[in-house]
Amino acid sequence: MALMAAGTLLLFINSAMAAYNVVDFGAKPDGRTDSAKPFLAAWSKACGANKPATVVVPTGQFFVSQALFQGPCNNNNLRMFVQGTVLADSGYSSGVSQWITFKYVQGLSVYGGALDGRGNSLWACKAAGRSCPTGSTAVTISQSKNVLFSGVKILNSENFQMAILFSQGIKVEGATITAPGDSPNTDGIHLHRSTGVSITGSTIGTGDDCISFGDGVANAWIENINCGPGHGISIGSLGNSAGEAGVQNVTVSSVVFTGTQNGFRIKTWATPYVGFVRDIIFQHATMNNVQNPIVIDQEYCPGDSSCPNQSSGVKISGVIFNDVHGTSATPLAVNLDCSSSNPCQGIQLTDIQLTYNGQLAQSLCKNAKGKSSGIANPPSCL
Ligand SMILES: *[C@@H]1O[C@H](CO)[C@@H](O)[C@H](O)[C@H]1NC(C)=O
Ligand SMILES: *[C@@H]1O[C@H](CO)[C@@H](O)[C@H](O)[C@H]1NC(C)=O
């Protein structure tokens, strides 16, 4: 492995490419000294270079209190080659919502790296019911284009592990994202107002959604994911405020869910704020003991306080569930609970094979229109 890594590293620093090693800028691989400034200094050299440039983080543990890697840069062929582990502060501070951020960056590939958000102390605060800050997202990609993360490990972020916001053409491949199943709000990857995002070949297990799609997500491609523990793969929650953009053209394919709260889910608040979810394909999933394998919930209103007896203004249409098989941890394996004021349209269930305790499971439809074809187990309610 060491040889391979060294060989790869050589490939990166050949010829025309400038390379900046964070250690040359004063970073200390001792897990204690704050290396934020050296990391940013190396980035600033690479970003300022008029030719392809690489930032190298060698093996070792680097404590980085916080880092904003900002563009625009002078070249659109930037790389970060990370062999070591980057550690966040083991404590937490209020008013800080992002740990490592890439902003206004175009044309960046990040290879490898382990990023440890060390969220334990914040989770303990939240578990104790004290008044605690929200916490930081470990990795945020914001207002960026054409960014690749290949083989990154993210663990124990205080809040979301990764957020992709206001960006286009972001690829995440071969990621390993983990946080304990009981850690609060630790969504794996959250997307918001972004187009052309792909997430492939990744393993995600956290205390919240493995992948969540907020408003304004279009043309997303998700494939070959292991999800669990966690809350599954979710579009939403949507419809909690005015002016939300819709979610459209999302394909989620080949997912193994293990012990999750949900499998494929679409969730909207029971409020009149308008929005839409359309042209969604959820396909080729194995459910292993999943509480709600297929679920549309348009009556989300936690505590029933802010939205009693209202119905969702979010219109859901064109949603395909295809080839979903395995086991449900509850009798209700398919639950399509749509809005009374905006019934779901064009829901398609194809080849659904879900059992509960080795027996027939159930399906429930409310305000849901569409059709069923192929295997229908539980029998379709459409
Ligand atoms: C839907 O998204 C995919 C990427 O997942 C893209 O290739 C395709 O062009 C998009 N379709 C439309 C109609 O925009
Ligand atoms: C909601 O509906 C229930 C049942 O119809 C009714 O008892 C309750 O008073 C309603 N709540 C509000 C706030 O309208």
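Remember, it's 1-based here, ligands and their atoms both numbered in the order they're listed. Computed from a prediction, not measured in an experiment: that's the story for all the values here.
Residues in residues 126-161 take part in these disulfide (SG to SG under 2.5 Å) pairs, two or more places apart or across chains: Cys125-Cys132.
Between Phe264 and Phe257, the angle of the ring planes goes over 60°, which puts this pair in the perpendicular group of the 30/60° scheme.
Under a 4.0 angstrom heavy-atom cut-off, Ala220 registers as being in contact with ligand 1.
The protein heavy atom nearest to atom 4 (C) of ligand 1 is Asn219 O, 3.9 Å.
Shown here, atom 2 (O) of ligand 1 is in close reach of the protein: a heavy atom of it lies under 4.0 Å off.
Cation-pi geometry between Arg278 and Phe276 is satisfied (NZ or CZ under 6.0 Å from the ring centre, within 45° of the ring normal).
By heavy-atom distance, the residue among Asp279, Asn249, Ile222 lying nearest atom 11 (N) of ligand 1 is Asn249.
With salt bridges taken as basic N to acidic carboxylate O contacts below 4.0 Å, one links Asp215 and Arg193.
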